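Only one structure is covered here, and it is reproduced in the block below.
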Amino acid sequence: MRTGAYVDGDEKRIAALPAEIFGGRTDSTVRRLAFDPEERYLRHLGAYISAFSVPNALGLDREELYHALPGKLTCVCRSAGDPTAKGMPAFRSPHLAYDHRDTGHQRALLERAFGGDGRQIPRLLEAAPEADDFSFDGMQLIEMDRWSRGRVVLLGDAAHCASPASGQGTGMALVGAYVLAGELAAADGDPTAAFARYEAEMRGYVAANHALAEKFAREMTVTSRWQIRLRMLMLRMLPYMPWKDAVAKKIAEEVQRAAQAITLKDYPAPAARGAAVRPAATSGPRPGPRAYAA
């Protein structure tokens, strides 16, 4: 029986499981091979975002600075202990065709979106080619009616990407891995039952985080100058307002509701290391080895 887990096409051997588990990016090759092309499942939220290290020329210390233009938002921030700052420009755009491996083209798209803008943006764009951690991605959702097909199951962004706008991608992948592993253990080797329960447990949680992503994608790249002016005025006034803590709490609660929109079950402990795992009964020939390219 073929067993294993795959992350963007790289096989990682794990304890014997009666299934093949796939996780990966929004543009997952393994999802395309095992299911259908990305276009069938992708819903673009109308914006793109990039992130990369930049020199801390502004002297930031656990601070964030924003500059908003119609349909665009740039953020520069620095966390405690980080020797550099991080630049995060975002911009509204219809769906763009590009190779996720071609960072040169991605930087050109960023230059096209922000070229000619002033303030600190030219300095930000100059830093992009020098950054070895440059990333560029669309704010887009992956929406599938099923995350499994036969003995193959998808996990994380490959199954239900909530886009960078949600800020929940890593958490959702970890929660999904916990639920899937637990349901496989509880199903005693029956992948069909385990996959169905895995989806049933996760669907509401995924829907809550998709809704959060849609809201934040709209708010990050507002297109009206008066909306930008109003927002900046409110941010400047906020530290002096008696209800500032209530506003911060409301924003945090909104994110926390999505992050905690699932009640994790206590699953039975897995079999001891090296112990045999009883596979589900099958009929007909067993599947032979297959290779998946990233």
Side-chain angles (χ1 to χ4, degrees), residues 7-9 24-29 38 42-142 156-157 161-170 173 213-214 216-223 225 228 231-232 235 294:
V7 181
D8 274 345
R25 300 166 46 96
T26 307
D27 50 357
S28 169
T29 299
E38 172 186 302
L42 185 144
R43 181 157 66 90
H44 184 55
L45 299 181
Y48 286 83
I49 188 168
S50 182
F52 47 92
S53 294
V54 299
N56 188 21
L58 298 174
L60 301 179
D61 181 15
R62 294 163 293 175
E63 297 171 292
E64 299 179 0
L65 290 180
Y66 291 87
H67 178 52
L69 293 167
K72 306 175 190 179
L73 179 69
T74 56
C75 170
V76 180
C77 60
R78 179 175 176 267
S79 302
D82 193 337
T84 63
K86 290 291 187 291
M88 290 180 286
F91 63 95
R92 294 202 66 79
S93 170
H95 187 261
L96 300 172
Y98 64 93
D99 185 341
H100 74 268
R101 298 176 180 85
D102 187 352
T103 56
H105 186 200
Q106 294 163 28
R107 292 184 178 101
L109 293 173
L110 201 60
E111 179 72 37
R112 187 186 307 165
F114 287 92
D117 293 331
R119 302 288 182 101
Q120 297 295 324
I121 293 176
R123 180 183 292 174
L124 192 70
L125 296 177
E126 288 172 5
E130 306 300 323
D132 58 8
D133 59 352
F134 179 88
S135 66
F136 181 90
D137 205 355
M139 296 188 195
Q140 47 208 14
L141 307 178
I142 292 295
D157 280 356
C161 177
S163 91
S166 73
Q168 302 291 327
T170 301
E214 290 188 78
F216 283 173
R218 288 193 303 269
E219 293 179 351
M220 287 173 67
T221 54
V222 296
T223 57
R225 288 191 180 275
I228 293 172
R231 176 180 295 176
M232 294 305 173
L235 286 174

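Everything numeric here is computed off the predicted structure, so don't read it as measured data.
- Here the CZ-CG distance, from R62 to L60, works out to 12.0 Å after rounding to the nearest 0.5 Å.
- Rounded to the nearest 0.5 Å, atoms OG (S163) and CD (Q168) are 10.5 Å apart.
- With a 4.5 Å cut-off on side-chain heavy atoms, I121 and L69 count as touching.
- When all heavy atoms are compared, the tightest approach of M232 to A68 is CE-CB, 3.7 Å.
- Formation of a donor-acceptor pair under 3.5 Å by the Q106 side chain with backbone atoms of H100 is found in this model.
- Atoms CG and CD, on L73 and E219 in that order, are 11.5 Å from each other to the nearest 0.5 Å.
- Contact check for F136 versus T103: no side-chain heavy atoms found under the 4.5 Å cut-off.
- Taken from SG in C77 to CG in L58, the straight-line distance is 11.5 Å, to the nearest 0.5 Å.
- Within the 4.5 Å cutoff, the side chain of Q120 has no heavy atoms near those of the L65 side chain.
- When all heavy atoms are compared, the tightest approach of R231 to V222 is NH2-CG1, 3.5 Å.
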Item to complete: Dump the intermediate steps for side-chain contact (heavy atoms from CB on, under 4.5 Å) on R123 and V76, then the final yes or no.
Response: CA-CA 11 Å; R123 180 183 292 174; V76 180; over 6 Å; no
Practice prompt. Show the numbers, then the answer: is there a side-chain hydrogen bond (donor to acceptor under 3.5 Å, both in side chains) between D133 and S135?
Written response: CA-CA 6 Å; D133 59 352; S135 66; over 6 Å; no
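- The two atoms that bring T223 and P70 nearest to each other are O-CB, 3.4 Å, heavy atoms only.
- In this structure, I142 and D157 have side chains that are not in contact, with every pair of non-hydrogen atoms separated by 4.5 Å or more.
- A donor-acceptor distance shorter than 3.5 angstrom exists from the side chain of H44 to the backbone of S93, with no hydrogens or angles considered.
- Counting heavy atoms from C-beta outward, E64 and M88 have side chains that stay 4.5 Å or more apart.
- At distances below 3.5 Å, not a single donor-acceptor pair connects side-chain atoms of R119 with backbone N or O atoms of H67.
- K72 contributes no side-chain N or O that, together with a main-chain N or O of F114, makes up a donor-acceptor pair within less than 3.5 Å.
- The CE atom of M139 sits 13.0 Å away from atom CD of E214, with the distance rounded to the nearest 0.5 Å.
- Contact record, P55 with A127: CD-CB, 4.0 Å, taken as the closest heavy-atom pair.
- For the pair A213 and A165, the tightest heavy-atom approach, listed with the atom from each and the gap, is O-CB, 3.6 Å.
- Side-chain contact check for S53 and K86: at least one donor-acceptor pair (N or O, by modelled atom type) lies under 3.5 Å.
- Proximity of S50 to F52: side-chain heavy atoms (C-beta onward) are separated by under 4.5 Å at one or more points.
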Worksheet entry | Test side-chain contact (heavy atoms from CB on, under 4.5 Å) applied to Y48 and L110, step by step | CA-CA 9 Å; Y48 286 83; L110 201 60; over 6 Å; no
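- In this structure, CG in L109 is found 6.0 Å from CZ in F91, a value given to the nearest 0.5 Å.
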